[in-house]
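Data first, discussion second: the structure below is written as structure tokens.
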Protein chains: 2
Amino acid sequence: MSRNKVLNEKIKDERREQILTTALRLFTKQGLAGTRITEISAKTGISQGLIYHYFRSKEEIFTTLIREAIEKINTAALELEKQPLTAKEKIQLALDGLLKGFDKKSETSDFYFIITHAAISENIPAEAKEIIATQNEIKYHVMARIFSQGQKEGSVKNHNAYEMAALLFSTINGLALHKAIYGKGYKMPNKNILLSMFLND
Amino acid sequence: MSRNKVLNEKIKDERREQILTTALRLFTKQGLAGTRITEISAKTGISQGLIYHYFRSKEEIFTTLIREAIEKINTAALELEKQPLTAKEKIQLALDGLLKGFDKKSETSDFYFIITHAAISENIPAEAKEIIATQNEIKYHVMARIFSQGQKEGSVKNHNAYEMAALLFSTINGLALHKAIYGKGYKMPNKNILLSMFLND
DNA sequence: GTCTATATCCAGATAGAC
DNA sequence: GTCTATCTGGATATAGAC
């Protein structure tokens with residue numbers, strides 16, 4: 001590849017990323033239907049026409065983000081699972097990571113939101129629906145396995161493991177929403193309070 | 001008022017209610033921007049033109065619902081507070097009521113959702129924003145007072161009362177979302193698991 | 001009070017020049 | 001690769017007949 005081609009590729013990738021990052025923030029705040037392609041154009045400084053050079057439609061941007069978000073979260077969960085740690089340690093790490101991630105309003109929270117948004121909404125592209133239907137529960141299964149491990153080790157309470165996983169992610173999700181709404185003023189709770197739902201003392 | 005007038009008033013009220021109920025369900029599933037006035041018309045069987053006889057705009061329907069929802073929830077919280085019960089009993093009642101309410105997918109859950117939706121969204125009518133900003137935190141204050149009472153009584157853990165209230169509603173909200181997404185298959189957890197975050201044992 | 005028909009507007013997507 | 005100008009469709013809201 002010539003010098004110029006390499007450079008062009010780089011610009012292309014950057015533009016693409018710019019569009020995705022901006023769209024992510026807008027989608028989480030306004031939803032798919034509530035976000036105008038004009039806004040993405042304005043906030044990125046990329047002309048409306050050019051956006052269609054990178055993505056076929058608004059829906060495609062959305063679907064791309066859903067795919068990325070789910071993949072990112074699942075990968076993190078699977079990474080955690082295979083650490084050589086006790087279940088108790090893994091659970092603490094998970095909660096800590098999630099709470100911290102939300103507290104500093106990183107992209108992590110937006111990734112969580114857009115998934116939640118897509119999961120409740122009826123008006124999202126079929127492809128995004130499909131991804132959610134098949135991939136979103138992976139993290140629940142991973143977490144359930146960790147809880148099972150913990151029950152064998154004696155550190156985790158004896159409720160149904162999958163239900164505990166669902167409870168964990170639901171709680172985190174609820175807190176993340178709260179944080180998003182009430183913003184900087186609100187500090188995520190200490191992980192120990194949440195841990196009392198899951199661990200024997 | 002003549003006989004016919006009374007009857008007309010009744011029909012008018014019913015139509016109004018019909019529009020609101022239908023709109024509520026649609027808004028929670030699709031958001032404000034994602035819901036078409038045509039859909040409300042189709043699902044109620046009320047012609048599009050007639051809807052504008054009852055409400056000035058889609059936004060007005062939305063704002064009306066927000067007002068109703070917040071009022072309903074705040075009233076319930078204040079009612080609970082003034083019962084002659086121990087704090088522990090009040091907390092149990094609150095959790096039980098909320099979990100049960102969500103489990104049978106009553107309007108209660110939709111009321112919660114539309115508030116959450118409005119609270120995160122940037123694209124909602126100014127009036128709705130205003131209501132949320134001033135009225136939505138009332139339930140947090142009420143619940144915080146109940147937690148304080150419980151701390152005096154010795155039943156509640158010694159964390160910041162307001163933060164516990166926020167945690168309680170966030171958790172409930174997260175679970176309600178989860179329920180809405182995974183539907184009938186999912187049963188809300190037993191209240192005792194959640195109680196372990198708040199009560200001394 | 002209720003419907004049908006219509007005006008108006010605006011957003012998504014495309015075409016074509018540079 | 002990038003922009004501006006434009007087409008097209010669909011949604012909100014209104015007008016006017018019954």
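Below, chain A is the first sequence line, B the second, and so on; all start at residue 1.
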May I have the distance from [X] (atom [atom1]) to [N] (atom [atom2]), rounded to whole angstrom?
X        : N       : atom1 : atom2 : value
Ile40(A) : dG12(C) : CD1   : C1'   : 11 Å
Lys58(A) : dC10(C) : NZ    : P     : 16 Å
Glu14(B) : dG1(C)  : CD    : C1'   : 14 Å
Glu9(A)  : dG1(D)  : CD    : C1'   : 12 Å
Arg36(B) : dA13(D) : CZ    : P     : 12 Å
Ile37(A) : dG10(D) : CD1   : P     : 17 Å
Phe62(B) : dT12(D) : CZ    : C1'   : 17 Å
Leu32(A) : dG12(C) : CG    : C1'   : 12 Å

Notebook entry, point to check: Does a side-chain N or O from Tyr52(A) land closer than 4.0 Å to OP1 or OP2 of dT14(C), or not?
Noted result: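 So the side chain of Tyr52(A) is outside the cut-off, no N or O lying under 4.0 Å from OP1 or OP2 of dT14(C).
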
Next item on the list: Just say parallel, tilted or perpendicular for the rings of Phe102(B) and Phe113(B), cut-offs at 30° and 60°.
Entry: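 It falls in the parallel class, under 30°.
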
Check: Got a salt bridge between Glu163(A) and Lys187(B), using NZ or NE/NH1/NH2 to carboxylate O under 4.0 Å?
Finding: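 Answer for the salt bridge query: no.
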
Check: Is Asp103(B) salt-bridged to Lys179(B), going by a charged N under 4.0 Å from an acidic O?
Finding: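 Salt bridge between Asp103(B) and Lys179(B), a charged N being under 4.0 Å from a carboxylate O: yes.
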
Any N/O pairs under 3.5 Å between the protein and nucleotides 2-8 of chain D? List them or say none.
from: dT2(D); atom 1: OP1; to: Arg15(A); atom 2: NE; distance (Å): 3.3
from: dT2(D); atom 1: OP1; to: Arg15(A); atom 2: NH2; distance (Å): 3.3
from: dT2(D); atom 1: OP2; to: Arg15(A); atom 2: NE; distance (Å): 3.4
from: dT2(D); atom 1: OP2; to: Tyr54(A); atom 2: OH; distance (Å): 2.7
from: dC3(D); atom 1: OP2; to: Ser47(A); atom 2: N; distance (Å): 3.2
from: dC3(D); atom 1: OP2; to: Ser47(A); atom 2: OG; distance (Å): 2.8

Next item on the list: Count the heavy atoms belonging to other residues, nucleotides or ligands that lie under 6.0 Å from NZ of Lys90(A), then report whether that count exceeds 12.
Entry: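 Above 12, so yes.
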
Notebook entry, point to check: When all nucleic acid strands are considered with a 4.0 Å heavy-atom cut-off, which category describes Thr35(A): base, sugar-phosphate, or nothing?
Noted result: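 Sugar-phosphate only.
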
Check: Taking the six-membered ring of Phe169(A) as reference, does the NZ or CZ atom of Lys139(A) fall below 6.0 Å from its centre and within a 45° cone about the axis?
Finding: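 Yes, Lys139(A) lies over the aromatic ring of Phe169(A).
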
Notebook entry, point to check: Is the gap between the ring centers of His178(B) and Tyr186(B) under 6.0 Å?
Noted result: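 Ring centroids of His178(B) and Tyr186(B) are less than 6.0 Å from each other.
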
